[in-house]
Amino acid sequence: MSRPPAPLPDDPPARAAASSRWDAASRQDEACAALLDRTGRALVPGDGQAAENRLRQLMEASPTILYALRLRGGQAVPVMTSENVQRILGYTHEEVMVPGWWLAQVHPDDREAALPMVGRVLRERQVAHEYRFARPDGEYIWLRDEIRLGDQIGPDEVEVVGSWIDITQRKRVELAMSTQRQALEMVASGAPLEQTLEVLARGLEALMPGVRASLLILDSRSGRLYTGAAPSLPEAYNRIVDGLSVAEGMGACGTAAFRGEPVIVRDVAGDPLWRDFREVAARFGLVACWSLPIFTQGGDLLGAFGMYPREVSSPAEFQLELARQVVEVAAVAILRHREVSALQASESRFRQLFQAAPLPLALMSQEGQVQALNQRFQEVLGYTPEDVPDLAAWWCKAYPDPQYRAWMINSWRAGVEAAVASQRPVAQQECRITCKNGNERILMVSGSMVGDVLLCSFFDVTENRQLDAQLGRYRQHLEELVAERTAQLAEARHRAEAASQAKTDFLANMSHEIRTPMNAILGLAGLLERSAIDGGQQVRLAKIRNAGTHLLSIINDILDISKIEAGKLVLEQIDFAPETLFNQAHSLIHDRLAARQLSFHSRLDGVPPVVRGDMTRLRQALLNYLSNAVKFTETGGVSLSARVQAEDVRTLLVRFEVRDTGIGIDPAHQARLFLPFEQADASITRKYGGTGLGLALTRHLASLMGGEAGCESSPGEGSCFWFTARLERREKVLLPRPRVEAPMVEAGLDCLQGRKVLVVEDNLLNQEVAVHLLAEMGVQVELASNGAEAVDRVWSGGYDLVLMDMQMPEMDGLEATRRIRQWPERAGLPIVAMTANAFAEDQEACLEVGMNDFLCKPVEPAMLQAMLLKWLGRTQDAQVNVIQCELELEDPS
């Protein structure tokens with residue numbers, strides 16, 4: 001279908017420009033149609049290699065890009081694209097063939113409208129759409145995308161062929177025409193000149209991003225140029241140039257008005273025309289100026305039009321063409337303003353504007369006679385003044401359906417009456433109008449009184465409404481998909497949370513089930529060691545206890561790694577001294593260093609005296625490294641050092657290193673060192689023992705602290721194991737001086753003699769261990785097998801302290817504590833958790849329900865004694881002893 005001719009302005013320059021633009025667009029559409037037709041014929045089998053070569057040459061020179069897709073299971077897979085894609089769009093064939101490439105380049109505001117094309121072609125077989133598309137340099141161009149349903153390849157696969165045509169030039173013309181139409185409507189309706197010129201300026205700025213526009217109007221009495229519209233230029237600059245003389249050397253605008261021809265100043269800083277204005281230009285960031293004079297058709301100067309690009313540059317031809325169009329309409333607007341009184345009485349001038357308008361217009365008398373229809377009206381709707389001589393004929397032909405016609409007549413008359421009463425234009429109404437050829441189009445109809453006649457304007461929104469309907473269908477489909485996906489995500493999240501909780505519960509149960517018998521094993525072994533047995537039995541019991549302690553350390557490492565992987569390990573943040581950290585680590589391996597006669601050195605290089613971080617986990621990581629260093633070193637020594645590797649205003653990245661002179665590690669085996677249950681090779685495991693968990697745990701801890709871990713080693717030359725951790729700066733923070741307490745002696749237990757303690761424990765062996773340990777300390781012990789029994793005993797008995805297990809039948813320790821804390825008279829009773837639930841959240845749960853402290857099974861006698869003294873004896877001394885016991889028990893040996 002050929003493109004309908006466009007309405008052309010009456011004046012020759014505007015008519016020639018518009019004719020050239022529409023002819024170019026028509027030729028482009030005709031060429032594309034012919035190319036598609038020739039392409040179809042060239043693909044007929046049997047034409048041979050010559051036809052294929054001709055087709056390839058033809059497509060390379062063509063402005064149309066052809067492509068093919070295959071729809072598989074609802075997904076579009078690129079199959080082919082013509083070779084001219086790189087010349088036109090700037091992308092290589094390989095880039096275009098990547099799935100998802102097309103959607104990524106579509107302008108974000110256009111994607112919602114472009115996405116349904118593939119779904120539509122399955123229903124409509126052939127669809128077309130226009131959207132903005134990004135080139136590799138970031139510039140957006142306009143593409144017309146036409147796709148057609150091809151052959152069925154398989155049961156769930158179909159071929160789709162399509163074409164892309166660059167319609168950027170056409171879109172520019174359309175946008176320019178839209179701006180001209182709006183300005184001409186404002187001129188016709190008598191809008192203020194400043195508003196009309198501002199519409200023109202902003203319209204050009206929208207078409208030329210990065211360019212600011214200024215329209216200057218000549219004052220014929222003074223011969224100076226005054227600002228008519230410059231919406232994007234600084235107001236202060238507009239005030240300075242207001243009243244610019246029309247003369248040579250008065251910038252680009254003053255000179256263009258003086259010369260009567262365009263003046264292009266590519267670089268303001270170096271152009272003599274701007275000699276007197278360079279300081280002003282620099283102050284407001286103006287670097288270039290392109291100006292065109294505004295003349296009447298008779299050659300009378302009306303003003304000047306200036307464009308200020310943000311970069312030193314010259315205008316492209318299309319930019320000059322757009323500027324000429326603005327100048328043409330601006331001339332009309334300025335003339336309309338100058339001659340407003342004369343134009344009101346001049347029918348010929350009004351007819352000229354009426355006919356030149358780019359949208360359909362009609363003049364109606366108060367008696368309902370159609371006085372005039374402009375050219376655009378006849379082109380769009382097909383009716384001539386002879387077809388619709390009056391309003392009655394118009395109603396019948398434009399609205400053939402009687403019911404709709406009656407509704408439209410009433411609606412229009414009501415709108416006119418309201419407009420007359422309010423002295424305002426007739427409000428826009430959306431109408432379905434039947435054209436002369438029988439096609440139905442949707443137009444927005446409005447009207448304004450011009451003298452004693454009504455000027456009716458029609459704006460075609462047919463394509464917009466069709467697009468709205470398509471968007472509505474797509475939106476409904478999208479909402480259904482979003483609702484379905486939301487339900488799926490909710491279900492997936494529920495399953496993930498359930499799986500995470502199941503893993504957490506499993507770890508907690510594993511900890512409880514393992515530590516409960518371990519408490520009995522280590523406790524009974526300790527009790528036997530302190531009984532009257534011969535030396536051989538004493539040695540065997542010591543071995544049992546050492547083996548149990550070693551097994552417990554392995555269990556702790558496994559649970560720590562499991563907690564880290566489950567995201568349940570939370571680091572604490574406390575202020576500490578790195579020197580104290582090194583001293584504690586050294587004290588825990590001192591005996592093993594002495595047994596092997598190994599030297600030890602430590603050094604802190606540039607690390608502040610006080611930092612903030614998780615001291616416990618740092619000590620654990622260092623002990624893992626130090627224990628390995630001692631284990632694999634026969635002669636020489638071990639060193640421990642730390643230095644600042646990187647820093648910022650708030651934090652430090654500290655590198656910790658443990659070096660030894662041991663056997664070293666083959667580089668081929670070093671990559672596996674930090675994997676769980678891995679060592680360098682099997683022979684090491686046989687000779688030295690170990691699970692390989694310590695290094696894996698250290699790597700995890702370093703990662704949690706914002707660092708990493710690694711190793712540098714060579715066989716026979718020793719090793720350097722390192723890890724980094726991010727710590728907070730704590731400048732001007734002083735730590736309290738630690739009190740050095742002497743080891744606990746039996747005399748310190750006098751305060752425990754005769755104190756009454758309730759042990760709430762359901763395991764019989766652990767009951768036995770607890771009773772014997774407490775009895776040795778002189779404490780009176782009573783037992784409760786579950787929480788319910790404990791509540792009854794606490795209510796009736798006067799206990800000094802309660803040791804409460806967590807997991808028990810009938811009622812657990814948490815619920816029992818809650819009930820006890822409800823009694824005001826038992827508010828001061830110390831309740832200490834003594835449980836195999838070793839996770840941090842277990843400790844938090846105990847403290848939340850009102851317990852005072854926490855002991856983790858297996859319970860060492862020294863820890864139990866220190867805890868009793870803390871709550872029943874000398875609190876301050878016991879606090880130090882508790883910390884001392886914790887450090888001693890951390891030794892992984």
Side-chain angles (χ1 to χ4, degrees), residues 539-540 542-554 556-558 579 581-605 618-643 655-699 701-702 709-724 887-893:
V539 171
R540 293 187 182 94
K543 291 179 179 179
I544 291 174
R545 184 173 179 79
N546 290 336
T549 303
H550 181 64
L551 176 59
L552 183 61
S553 68
I554 294 173
N556 288 337
D557 286 346
I558 293 174
E579 183 179 0
L581 172 66
F582 274 28
N583 290 338
Q584 292 176 358
H586 179 213
S587 67
L588 293 173
I589 64 164
H590 177 270
D591 292 343
R592 282 177 286 165
L593 289 168
R596 291 199 171 210
Q597 298 181 345
L598 299 176
S599 64
F600 179 81
H601 302 282
S602 65
R603 185 179 75 257
L604 289 167
D605 188 4
L618 286 171
R619 186 168 59 239
Q620 183 179 1
L622 290 177
L623 285 176
N624 286 334
Y625 277 176
L626 289 168
S627 297
N628 281 346
V630 175
K631 182 192 297 184
F632 297 114
T633 304
E634 300 291 343
T635 60
V638 175
S639 66
L640 172 62
S641 65
R643 59 183 172 85
R655 178 182 172 106
F656 295 89
E657 294 182 353
V658 173
R659 295 182 179 271
D660 62 61
T661 57
I663 60 176
I665 304 170
D666 192 315
H669 300 310
Q670 292 179 19
R672 304 200 318 270
L673 284 176
F674 290 88
L675 299 176
F677 307 103
E678 289 280 355
Q679 288 191 338
D681 56 41
S683 62
I684 289 181
T685 303
R686 288 193 298 268
K687 181 176 179 180
Y688 294 96
T691 62
L693 288 174
L695 296 182
L697 182 57
T698 298
R699 178 178 63 85
L701 292 175
C711 168
E712 301 165 3
S713 181
S714 297
E717 297 181 6
S719 303
C720 173
F721 281 83
W722 59 269
F723 71 89
T724 56
L887 290 177
E888 292 174 353
L889 294 174
E890 278 188 12
D891 186 351
S893 63

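Here the structure is a predicted model, which is why all the values come from computation and not from measurement.
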- Item | Close side-chain approach of Ser627 and Arg592, heavy atoms under 4.5 Å | yes
- Task: Report yes if some heavy atom in the side chain of Leu581 is under 4.5 Å from a heavy atom in the side chain of Leu622; otherwise report no.
- Result: yes
Applying side chain to side chain contact (heavy atoms under 4.5 Å, CB included), name anything that partners [X], two or more places apart in sequence or on another chain.
{"X": "Glu717", "answer": "Ser714"}
{"X": "Thr661", "answer": "Thr633"}
{"X": "Ser602", "answer": "Phe582, Phe600, Leu640"}
{"X": "Ser713", "answer": "Ile665, Gln670, Cys711, Ser719"}

As an exercise, state the distance from [atom1] of [X] to [atom2] of [Y], rounded to the nearest 0.5 Å.
{"X": "Arg619", "Y": "Leu588", "atom1": "CZ", "atom2": "CG", "result": "7.5 Å"}
{"X": "Lys631", "Y": "Asp660", "atom1": "NZ", "atom2": "CG", "result": "12.5 Å"}
{"X": "Glu657", "Y": "Ser641", "atom1": "CD", "atom2": "OG", "result": "4.5 Å"}

- Query: Yes or no on side-chain contact (heavy atoms from CB on, under 4.5 Å) for Trp722 and Val658, after CA distance, side-chain angles and deciding distance?
  - Reply: CA-CA 6 Å; Trp722 59 269; Val658 173; over 6 Å; no
- Set of residues satisfying salt bridge (charged side-chain N to carboxylate O under 4.0 Å, His left out) with respect to Arg603, sequence neighbours excluded: none
- Can you check side-chain contact (heavy atoms from CB on, under 4.5 Å) on Leu697 and Gln620, steps first, answer last? CA-CA 9 Å; Leu697 182 57; Gln620 183 179 1; 3.0 Å; yes
- Under the ring pair (Phe, Tyr, Trp, His ring centres under 6.0 Å) test, which residues partner Phe723, sequence neighbours left out? Tyr625, Phe656
- Not counting sequence neighbours, which residues clear ring pair (Phe, Tyr, Trp, His ring centres under 6.0 Å) with His590? List them please. His586
- Message: So which atom in Ala585 and which in Leu626 form the shortest heavy-atom distance, rounded to 0.1 Å?
- Response: CB-CD1, 3.8 Å
- Message: Can you list everything that forms a side chain to side chain donor-acceptor pair (under 3.5 Å) with Glu712? Sequence neighbours excluded, please.
- Response: Arg655
